[in-house]
Amino acid sequence: MTKYQLTIIVVLYFLISACESSKPQFRIEGDLYFGYFRLGSYYNQPDSIIDKARQYFDTVNYENASDGDRYFIDLYKIVSSNDLIYKPYVDLLIQPDSIVKLYLDISDYDKIKIYKRKDLQDNNEKIVINASVIDYSNGILYCDTLLNIRKVNGKTFQIQKKFRIDDYE
């Protein structure tokens, strides 16, 4: 085998490997959405919570789990296998009935967490986020590039009014 043939084989191998491992990437725009139940990341969580969650997810029997538990088990598998488990996330309302989890780098998250739900609702404002994202699974996205964050007139929605809704921190 010549040096030229070896070079071509190596280049083809890397091209094929890169194509196989790439995830779908696209742009998304949605409204910042505040939920009362935040599961999906160990970001900013104490070690005791992380240890209990790990123990549960590592020992739970998937076949005997309820549908609700299966959702969280699948979420855990996706975020941990894609190195998102320690990244912060926000919920985005992208359609009237569609909410996604947008995982971010801490520097991008810091640009979003400054907005407080109560202030936005009191002023009849909402936050619109535009980003280039990588789709890891249905509803689980990673922000590759935060393109734009803007405050506009409109309603900031939350899941349930009767529960306490925490701001992003």
Side-chain angles (χ1 to χ4, degrees), residues 16-117 120 126-150 156-160 163-169:
I16 291 170
S17 296
C19 290
E20 287 177 2
S21 66
S22 67
K23 298 282 185 189
Q25 189 169 1
F26 56 94
R27 287 179 66 158
I28 191 170
E29 184 172 280
D31 299 344
L32 187 60
Y33 190 81
F34 293 86
Y36 65 91
F37 191 63
R38 297 196 31 86
L39 256 179
S41 172
Y42 292 152
Y43 176 76
N44 223 9
Q45 295 297 316
D47 290 342
S48 61
I49 299 285
I50 294 170
D51 291 342
K52 286 180 183 179
R54 272 195 191 132
Q55 182 181 11
Y56 171 76
F57 287 119
D58 291 343
T59 60
V60 69
N61 184 336
Y62 188 83
E63 290 76 28
N64 294 336
S66 68
D67 289 342
D69 285 346
R70 285 183 182 182
Y71 167 79
F72 290 113
I73 295 166
D74 292 339
L75 173 64
Y76 175 78
K77 288 178 183 176
I78 293 167
V79 297
S80 60
S81 66
N82 289 293
D83 295 325
L84 301 175
I85 195 77
Y86 286 99
K87 293 195 179 288
Y89 74 91
V90 296
D91 292 318
L92 285 186
L93 178 66
I94 56 171
Q95 293 175 3
D97 61 348
S98 183
I99 299 168
V100 297
K101 290 186 182 313
L102 179 65
Y103 287 83
L104 305 126
D105 287 327
I106 293 172
S107 61
D108 289 335
Y109 181 74
D110 287 344
K111 296 173 187 174
I112 296 170
K113 74 177 187 178
I114 60 172
Y115 299 104
K116 303 302 178 197
R117 177 197 52 84
L120 293 168
K126 66 181 180 178
I127 301 303
V128 179
I129 297 172
N130 190 335
S132 175
V133 299
I134 298 170
D135 187 1
Y136 283 103
S137 180
N138 190 21
I140 301 173
L141 309 173
Y142 173 71
C143 179
D144 185 52
T145 306
L146 187 58
L147 301 170
N148 190 343
I149 304 170
R150 63 186 192 280
T156 294
F157 292 104
Q158 64 191 52
I159 292 176
Q160 187 66 256
F163 290 106
R164 178 178 163 212
I165 310 292
D166 287 330
D167 285 310
Y168 295 107
E169 294 182 18

Rounded at 0.5 Å granularity, tell me how far [atom1] in [X] sits from [atom2] in [Y].
{"X": "Tyr89", "Y": "Leu104", "atom1": "OH", "atom2": "CG", "value": "11.5 Å"}
{"X": "Leu102", "Y": "Ile28", "atom1": "CG", "atom2": "CD1", "value": "7.0 Å"}
{"X": "Leu93", "Y": "Ile129", "atom1": "CG", "atom2": "CD1", "value": "11.5 Å"}
{"X": "Phe34", "Y": "Lys116", "atom1": "CZ", "atom2": "NZ", "value": "8.0 Å"}

According to side chain to side chain donor-acceptor pair (under 3.5 Å), who are the partners of [X], at least two apart in sequence or on a separate chain?
{"X": "Asp108", "answer": "none"}
{"X": "Asp69", "answer": "Tyr56"}
{"X": "Arg27", "answer": "none"}
{"X": "Ser80", "answer": "none"}

What pairs with [X] under side-chain contact (heavy atoms from CB on, under 4.5 Å), at least two apart in sequence or on another chain?
{"X": "Ser98", "result": "Ile94, Gln95"}
{"X": "Asp58", "result": "Arg54, Tyr76"}
{"X": "Asn61", "result": "Glu63, Asn64"}
{"X": "Asn148", "result": "Asn130, Arg150"}

I'd like to check the salt bridge (charged side-chain N to carboxylate O under 4.0 Å, His left out) partners of Asp105; sequence neighbours left out, ordered by chain and number.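 Testing Asp105 for salt bridge (charged side-chain N to carboxylate O under 4.0 Å, His left out), a comparison that skips the adjacent residues, returns Lys87.
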Only counting residues at least two apart or in another chain, list the ones meeting salt bridge (charged side-chain N to carboxylate O under 4.0 Å, His left out) with Asp144. none
Worked verdict on Asp74 versus Tyr62 for side chain to side chain contact (heavy atoms under 4.5 Å, CB included): CA-CA 9 Å; Asp74 292 339; Tyr62 188 83; 3.1 Å; yes
Should Val133 and Phe26 be marked as a side chain to side chain contact (heavy atoms under 4.5 Å, CB included) after you check the CA-CA gap, both sets of side-chain angles, and the distance that decides it? CA-CA 6 Å; Val133 299; Phe26 56 94; 3.7 Å; yes
For a side chain to side chain contact (heavy atoms under 4.5 Å, CB included) check, start with the C-alpha distance between Leu32 and Val90, then their side-chain angles and the critical distance, and finish with the verdict. CA-CA 7 Å; Leu32 187 60; Val90 296; 3.7 Å; yes
Run the side chain to side chain contact (heavy atoms under 4.5 Å, CB included) check on Ile134 and Asn82 step by step: do they pass? CA-CA 11 Å; Ile134 298 170; Asn82 289 293; over 6 Å; no
